[in-house]
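Only one structure is covered here, and it is reproduced in the block below.
Below, read A as the first sequence line, B as the second, and so on, with proteins coming before strands; counting in each chain starts at 1.
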Amino acid sequence: MPEGHSVHRIARQFGVNFVGEHPAVSSPQGRFAQGAALLDGRNVLDARAVGKQMFLEFEGDQWLRVHLGIYGAWDFSGEVRIDSSIQIHGQTPGHSRLGQNGENSGPGNHVDRDAEDSVTSIGAPRRTRVRMAETDKESAASESFPPEPVGQVRVRLLTDTVCADLRGPTACEVLTPAEVDAVVQRLGPDPANANTPAERARFVERAGKKKTPIGLVLMDQSVVAGIGNVYRAEMLFRAELNPHTPANTLDRTVLEALWDDWAELLEIGITVGQMITIDGLEGEAYQRALVERDERHWVYKLEGTPCKRCGANIILEEFGARKLYWCPGCQH
DNA sequence: GAACTATGCGGAA
DNA sequence: TCCGCCTAGTTCA
């Protein structure tokens, strides 16, 4: 479950590999057969992300709307051209996750990489498979193209050279332009699309009126789009804010700083492909942060461990039906 | 192989 | 407030 950064990365990937093409659209799983038939063979005109939602525009005023929910993911395979503005992380041999049967690796595939290759930036097209979900992974290309659908593939978009498979989305539907507008209207501003004073003010206005705790307001997609449970917890820590503080009691400058921080974290997330929420990591520490979640966060999933800043025990609390991690020593 | 977990959210109650 | 969706990874036995 990808927070906003993943969805923007995916939209860029579609921009590079599918915009201008006329992909065959199908639903190997069958659950999206009708929608797929509406889009099949049409020219793809645009790929956009707003918060956690992605919109693909097809000719003839047909829009595909996809929301990945908690476990949705796109897999790209074939001659995947990586957008030069983003990086893709491979896996370092010896890392614990490498030994398992990677879900991207079809039968007979190997992950065979240099030790130095934990971060790869790829400009030229080449046969590869790239999973774009909460954590991107690259693995060896399968022998045949297009690959046999693995698991429950809701939608497959296929050109002569590239294949994109969607699994487990919470929403996948074809909309009219008016319906797309309605969805976007309900969403708050997304700094990855427009980090402007006006958009920041829109966030401050909406958030500043809420009596609800700031810890809930940051997750409210109609207030600000794209923040999920990880960024929520980390942003509150970085702002040294108690999650229970009613949003309308916060100084305007505090809300502005939250917006600015979100814009910064989101940009890092889009570029790097990981939610790096600790600033100033360099060298080996940064490399570790790319592969070890505990090394890149202050509080998320770190309950019971000492705060990296003050040493107090990180708390886990059920909050709005989600898990909230925070430091009682730092956040007041 | 079972059980549990997840970066989300809509709808029923 | 709780349930269900729906998939895959991880942990435990």
- Message: Strictly below 4.0 Å, N to O, side chains only: are A:Asp75 and A:Arg167 in salt-bridge contact?
- Response: yes
- Can you check the A:Met275 CE to B:dG8 C1' distance for me, whole Å? 13 Å
- Take atom CG of A:Leu324 and atom C1' of B:dG8, then tell me their distance rounded to the nearest Å. 16 Å
- Report the residues that fulfil ring-ring contact (aromatic ring centres under 6.0 Å, His included) with A:Phe319, sequence neighbours left out, ordered by chain and then residue number. A:His244
- Item | Sequence neighbours excluded - salt bridge (Lys or Arg N to Asp or Glu O under 4.0 Å) pairs with any residue from residues 10-39 of chain A | none
Scan nucleotides 3-5 of chain B against the protein and return all N/O pairs shorter than 3.5 Å with their distances rounded to 0.1 Å.
none

- Task: Sequence neighbours left out, what pairs pass side-chain hydrogen bond (donor to acceptor under 3.5 Å, both in side chains) with at least one residue falling in residues 323-332 of chain A?
- Result: A:Glu317-A:Trp326
- Under 4.0 angstrom, heavy atoms only, what part of the nucleic acid is A:Arg293 near: base, sugar-phosphate, or nothing? nothing
Dump the pairs, protein N or O against N or O of nucleotides 9-13 of chain B, anything under 3.5 Å, distances to one decimal.
from, atom 1, to, atom 2, distance (Å)
B:dC9, OP1, A:His67, NE2, 3.3
B:dC9, OP2, A:Lys52, NZ, 3.4

- Item | d(CZ, A:Arg154; P, C:dA8) in whole Å | 11 Å
- Those residues at least two apart in sequence (or on a different chain) that pass side-chain hydrogen bond (donor to acceptor under 3.5 Å, both in side chains) with A:Glu57 are none
- Message: Quick test of your reading of the model: are A:Glu59 and A:Arg42 salt-bridged, counting only N-O distances below 4.0 Å?
- Response: no
- Sorted by chain and number, sequence neighbours left out, side-chain hydrogen bond (donor to acceptor under 3.5 Å, both in side chains) with A:Arg206 holds for none
- For A:Thr212, which residues count as a side-chain hydrogen bond (donor to acceptor under 3.5 Å, both in side chains) partner, sequence neighbours excluded? none
- Item | Separation of B:dG8 C1' from A:Arg167 CZ (nearest whole Å) | 20 Å
- Task: Could you list all the ring-ring contact (aromatic ring centres under 6.0 Å, His included) pairs where at least one residue sits in residues 218-237 of chain A, not counting sequence neighbours?
- Result: A:His5-A:Tyr231, A:Tyr231-A:Trp262, A:Phe237-A:Trp298
- Message: Give me the distance, rounded to whole Å, that separates B:dG10 from C:dA8 when you measure between the C1' atoms they each carry.
- Response: 22 Å
- Item | Whole angstrom value for the distance that separates C1' of B:dA6 from CD1 of A:Ile70 | 5 Å
- Query: For the pair made of CG in A:Leu68 and C1' in B:dA6, what is the distance, rounded to whole Å?
  - Reply: 13 Å
